[in-house]
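This report concerns only the one structure given below.
Residue numbers start at 1 and run along the sequence shown. Only this structure's heavy atoms are used, side chains among them; waters, hydrogens and symmetry mates stay out.
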Amino acid sequence: MRRILQHLGRYRRDSIICILMTALEVVMEVLLPFITARIIDDGLSESNMPVVYRYGIIMIIMAFLSLLFGALAGKFAASASAGLSANLREAIYANIQTFSFSNIDKFSVPGLVTRMTTDITNVQMAFMMTIRVAVRSPLMFIFSYAMCIYINLRMSLMFLISVAFLVVVMGAIMVYTIRIFNQVFRRYDDLNASVQENVSAIRVVKAFVREDYEDKKFSKASFNLYRLFVKAESKLALINPAMMLAVYFCIISVSWLGAHFIVGGSMSTGDLTSLFSYVMGILMSLMMLSMVVVMISMSLASIRRIREVLDETPDLKDPQDPVMNVEDGSIDFNHVSFSYKRDSDKYALSDIDLHIRSGETIGVIGGTGSGKSSLVNLICRLYDVNKGSVCVGGLDVRRYDMEALRNQVSVVLQKNTLFSGTILDNLRWGNPDATEEECVEACRMACADEFIDRFPDGYHTWIERGGNNVSGGQKQRLCIARALLKKPKILILDDSTSAVDTATDAKIREAFSREIPGTTKIIIAQRVSSVEDADRILVLDDGKISGFDSSENLLKNNEIYREIYESQVKGGGDFDQPA
């Protein structure tokens, strides 16, 4: 909890004021029954109306102050708890931005969403109850019991029986329910995963008429969550009967013993009346405290999950004196081996020894799972190598400032992502200061101007979240234009023209060779026509280099490339080319 409270920041003051206001509110409430007793004993019993008026005015003032202190405590509790949750969300989000790909791989997207929504809401509610109810209840218990002792010591000892009974019952229930709530939030992850997967892939679900299957999957996740909550709530429901049993025991005890004390003259009617109020205050404070324990027990599981994200440190860090300038686009892989799991013996890439000159156009081809994407991820240091080194511009990538390196290594990944906003907004992710003319030029090179000019709003056309209102090929070309705006020394296209026809693909490659001859271009593709004009072609097989030469030489010397070439070209050409 201490780790979480570090994020209170400027809301620490509101928390302290809330605690102070709550304490003052309790003092006012505890004194009210005492004043009531004085009105009964000194005023009504003696028919002394001035005393009734005097104490009545004091009661009104104290009730008003109690109301005022309670309202202020509620206001500052809401401010402090909402501020804590806002700071936690910002801290989690900011920490996620520093994660490398290997850090992100440890958490599921639904799990991160649950942490930033449900878990933080639980912590917010628990913190509000802690500074409000968890302060109020113990103070009410202590002050009320002190007044009971002051009024009648022997009767106050009877109340300890009820208190001990409630503590044992509530303690047993809490221990049982805490274990259940630890499981609840793992079920929340499953529920969020089901929703997110269904919504993001709704077109596929409808295309394959799998709505019933998805409904059943969601219902199963929802029922598991329901079952756990019912199991926990059925035990928590026992608190109320136990509470009422203690209340009735105390009422009967006070009535029976109080009648004897009044008859005996050792207690007044006013004292008995105030004693009833204090007993109820004691028991209600225990009841409220039990609810706080429930809320805190729920939040403990949330706190642990939030801490997992906050305590996660990035696997990749900048060196102490980072190099800020990339000299050129040359790339050297020096006997590189790489595994996604640091302690695994299974390598995605094995002993890669590769040297690319600045300005070269390199094609990369190979079967699924051959390590093509893994190779290019190492160039911009999205992952670190296990063995060997990757050099850009003659220097190990681990010596560069990561932001400076990635600004000079522009990557268009397999999964193209556009964000909600205009086309210009999306293009300027590559360069926030780019003029509209520069954006138009980048789109011309990526052959995106062809369809943008047909939109009524042109470059101001609104793109829906995820680019759902443009086709796959249009999305790819916009992502290529966005990458070009960075004016990088190295441009990597990771199968990013797969959704465009071969004629457009050829135009894009021609524009690259004409407009950015000094940029090193690495083109990963599944079809030979996209890479056969490259200076050299890298053939990967099972994470190893099978060949690295021109298309002509590979046809003579490399069996894998020759098989791919013949299956595509002699077998009738690409899908959108005539045989």
Original post:
Nearest 0.5 Å, what's the CZ-CG distance between Arg381 and Asp396?
Top reply: 8.0 Å
**OP:** Indicate the atoms forming the closest heavy-atom contact of Gln6 with Arg12, along with that distance.
**Re:** O-NH2, 4.4 Å
Original post:
Is a salt bridge present between Arg357 and Glu360, judged by a nitrogen-to-oxygen distance below 4.0 Å?
Top reply: yes
Subject >> Donor on one side chain, acceptor on other, Asn122 and Ser302, under 3.5 Å >> reply: yes
Original post:
Hey, is the main chain of Phe548 close enough, under 3.5 Å, to the side chain of Arg536 for a donor-acceptor pair?
Top reply: no
Subject >> Phe455 atom CZ: more than 12 heavy-atom contacts under 6.0 Å >> reply: yes
Original post:
Taking Ser222 for the side chain and Phe218 for the main chain, is one N or O donor matched with an acceptor at less than 3.5 Å?
Top reply: no
Subject >> No-hydrogen, no-angle side-chain donor-acceptor test under 3.5 Å, Ser85 and Gln124 >> reply: yes
Original post:
Hey, are Tyr561 and Ser551 close enough side-chain-wise for a donor-acceptor pair under 3.5 Å?
Top reply: yes
Subject >> Non-hydrogen side-chain atoms of Gln408 and Ile490 separated by less than 4.5 Å >> reply: no
Original post:
Hey, what do you get for CG (Leu88) to CD1 (Ile303), rounding to the nearest 0.5 Å?
Top reply: 9.0 Å
Original post:
Is there a donor-acceptor pair closer than 3.5 Å between any side-chain N or O of Lys489 and the backbone N or O of Ser410?
Top reply: no
Subject >> Exam field: side chain Asp318 to backbone Met402, donor-acceptor pair closer than 3.5 Å >> reply: yes
Subject >> Close side-chain approach of Ile545 and Leu538, heavy atoms under 4.5 Å >> reply: yes
Original post:
Any side-chain donor paired with an acceptor under 3.5 Å for Ser337 and Asn386?
Top reply: no
Original post:
Do Ile96 and Val309 touch side chain to side chain, with heavy atoms closer than 4.5 Å?
Top reply: yes
**OP:** Before accepting this row, confirm whether a basic side-chain N of the pair Glu436/Arg428 lies closer than 4.0 Å to the acidic partner's carboxylate O.
**Re:** no
Original post:
Distance from Ile4 atom CD1 to Asn87 atom CG, nearest 0.5 Å?
Top reply: 11.5 Å
Original post:
So, Ser546 side chain and Leu540 main chain: donor-acceptor pair closer than 3.5 Å or not?
Top reply: no
Original post:
What is the distance from atom CD1 of Ile537 to atom CD1 of Ile523, rounded to the nearest 0.5 Å?
Top reply: 10.0 Å
Subject >> Between Asn334 and Ser389: side-chain donor-acceptor atoms closer than 3.5 Å >> reply: yes
Original post:
Hey, is the main chain of Cys380 close enough, under 3.5 Å, to the side chain of Arg406 for a donor-acceptor pair?
Top reply: yes
**OP:** I would like to know whether Asp332 and Leu354 meet side-chain contact (heavy atoms from CB on, under 4.5 Å); could you show each step before the answer?
**Re:** CA-CA 6 Å; Asp332 297 288; Leu354 182 67; over 6 Å; no
**OP:** Using a strict cut-off of less than 4.0 Å between a Lys/Arg side-chain nitrogen and an Asp/Glu carboxylate oxygen, indicate whether Asp494 and Lys372 qualify as a salt bridge.
**Re:** no
Original post:
Is any side-chain N of the basic residue among Asp542 and Lys544 closer than 4.0 Å to the acidic one's carboxylate O?
Top reply: no
**OP:** Run the numbers on Thr461 and Ile452 for side-chain contact (heavy atoms from CB on, under 4.5 Å), then give the verdict.
**Re:** CA-CA 8 Å; Thr461 299; Ile452 294 175; 5.9 Å; no
Original post:
Between atom CZ of Arg562 and atom NZ of Lys556, what is the distance when rounded to the nearest 0.5 Å?
Top reply: 11.5 Å
Original post:
So, does Asn469 use its side chain to make a donor-acceptor pair with the main chain of Glu464 at under 3.5 Å?
Top reply: yes
**OP:** Answer yes or no: is there an ion pair linking Glu308 with Arg304, defined by an N-O contact shorter than 4.0 Å?
**Re:** no
Original post:
So, does Gln97 use its side chain to make a donor-acceptor pair with the main chain of Ala94 at under 3.5 Å?
Top reply: no
Subject >> Gap between atom CG of Leu424 and atom CG of Asp457 - 0.5 Å precision >> reply: 11.0 Å
**OP:** Measure the shortest side-chain to side-chain distance between Asn95 and Thr98 over non-hydrogen atoms and say whether it is less than 4.5 angstrom.
**Re:** yes
Original post:
If we only count heavy atoms from C-beta on, is the Val390 to Val385 side-chain gap below 4.5 Å?
Top reply: yes
Original post:
Stepwise, does the salt bridge (Lys or Arg N to Asp or Glu O under 4.0 Å) test hold for Glu211 with Lys216?
Top reply: CA-CA 9 Å; Glu211 291 91 343; Lys216 290 177 183 176; over 6 Å; no
Original post:
Which heavy atom in Ile560 sits nearest to a heavy atom in Asn558, and how many Å separate them?
Top reply: N-OD1, 3.2 Å
Subject >> Sub-6.0 Å ring centroid separation between Phe338 and Tyr383 >> reply: yes
**OP:** Mind listing the closest non-hydrogen atom pair of Ser529 and Thr502 along with its distance?
**Re:** OG-CG2, 4.0 Å
Original post:
Would Arg509 count as a cation-pi partner of Phe512, with NZ or CZ less than 6.0 Å from the six-membered ring centre and within 45° of the ring normal?
Top reply: no
**OP:** Kindly indicate whether the side chain of Ile480, heavy atoms from C-beta on, has any atom under 4.5 Å from the side chain of Leu493.
**Re:** yes
Subject >> Closest non-hydrogen atom pair, Ala483 against Pro488 >> reply: O-CD, 3.8 Å
**OP:** Evaluate the side-chain contact (heavy atoms from CB on, under 4.5 Å) criterion for residues Leu375 and Ile352: first the C-alpha distance (whole Å), next the side-chain angles of each, then the deciding distance (0.1 Å), finally the verdict.
**Re:** CA-CA 9 Å; Leu375 183 84; Ile352 301 295; 3.9 Å; yes
**OP:** For the pair Arg115 and Asp119, find out whether any cationic side-chain nitrogen is under 4.0 Å from an anionic carboxylate oxygen.
**Re:** no
Original post:
Are any side-chain N or O atoms of Ser339 and backbone N or O atoms of Lys346, one a donor and one an acceptor, separated by less than 3.5 Å?
Top reply: yes
**OP:** Tell me, with the steps shown, if Ser374 and Asn377 meet side chain to side chain donor-acceptor pair (under 3.5 Å).
**Re:** CA-CA 5 Å; Ser374 301; Asn377 284 339; 5.5 Å; no
Original post:
Any side-chain donor paired with an acceptor under 3.5 Å for Asn553 and Ser550?
Top reply: yes
Subject >> Minimum heavy-atom distance between Leu427 and Cys443, given as atom pair plus value >> reply: CD1-SG, 3.5 Å
**OP:** Answer yes or no: does atom CG of Asp321 have more than 12 heavy-atom neighbours from other residues, nucleotides or ligands under 6.0 Å?
**Re:** no
Original post:
Salt bridge between Arg444 and Glu441, side-chain N to carboxylate O under 4.0 Å?
Top reply: yes
**OP:** Assess whether atom CZ of Arg10 is packed by more than 12 heavy atoms of other residues, nucleotides or ligands within 6.0 Å.
**Re:** no
**OP:** Given side-chain contact (heavy atoms from CB on, under 4.5 Å), test Arg227 with Lys231 step by step and report yes or no.
**Re:** CA-CA 6 Å; Arg227 183 173 51 80; Lys231 191 175 180 181; 5.6 Å; no
**OP:** Evaluate whether atom NZ of Lys387 has more than 12 neighbouring non-hydrogen atoms of other residues, nucleotides or ligands under 6.0 angstrom away.
**Re:** no
Subject >> Nearest non-hydrogen partners of Lys486 and Val409, listed with the distance >> reply: NZ-O, 4.2 Å
Original post:
Would a 4.5 Å heavy-atom cut-off, applied to side chains only, mark Phe333 and Asp353 as touching?
Top reply: no
Subject >> Whether Tyr226 and Phe223 hold their rings parallel, tilted or perpendicular, with breakpoints at 30° and 60° >> reply: tilted
**OP:** Determine, step by step, whether Lys507 and Glu450 satisfy the salt bridge (Lys or Arg N to Asp or Glu O under 4.0 Å) criterion, reporting the C-alpha distance in whole Å, the side-chain angles of both residues, the deciding distance to 0.1 Å, and the verdict.
**Re:** CA-CA 12 Å; Lys507 287 182 184 178; Glu450 298 175 358; 3.6 Å; yes
Original post:
Under 4.5 Å between any side-chain heavy atoms of Ile331 and Ile522, yes or no?
Top reply: yes
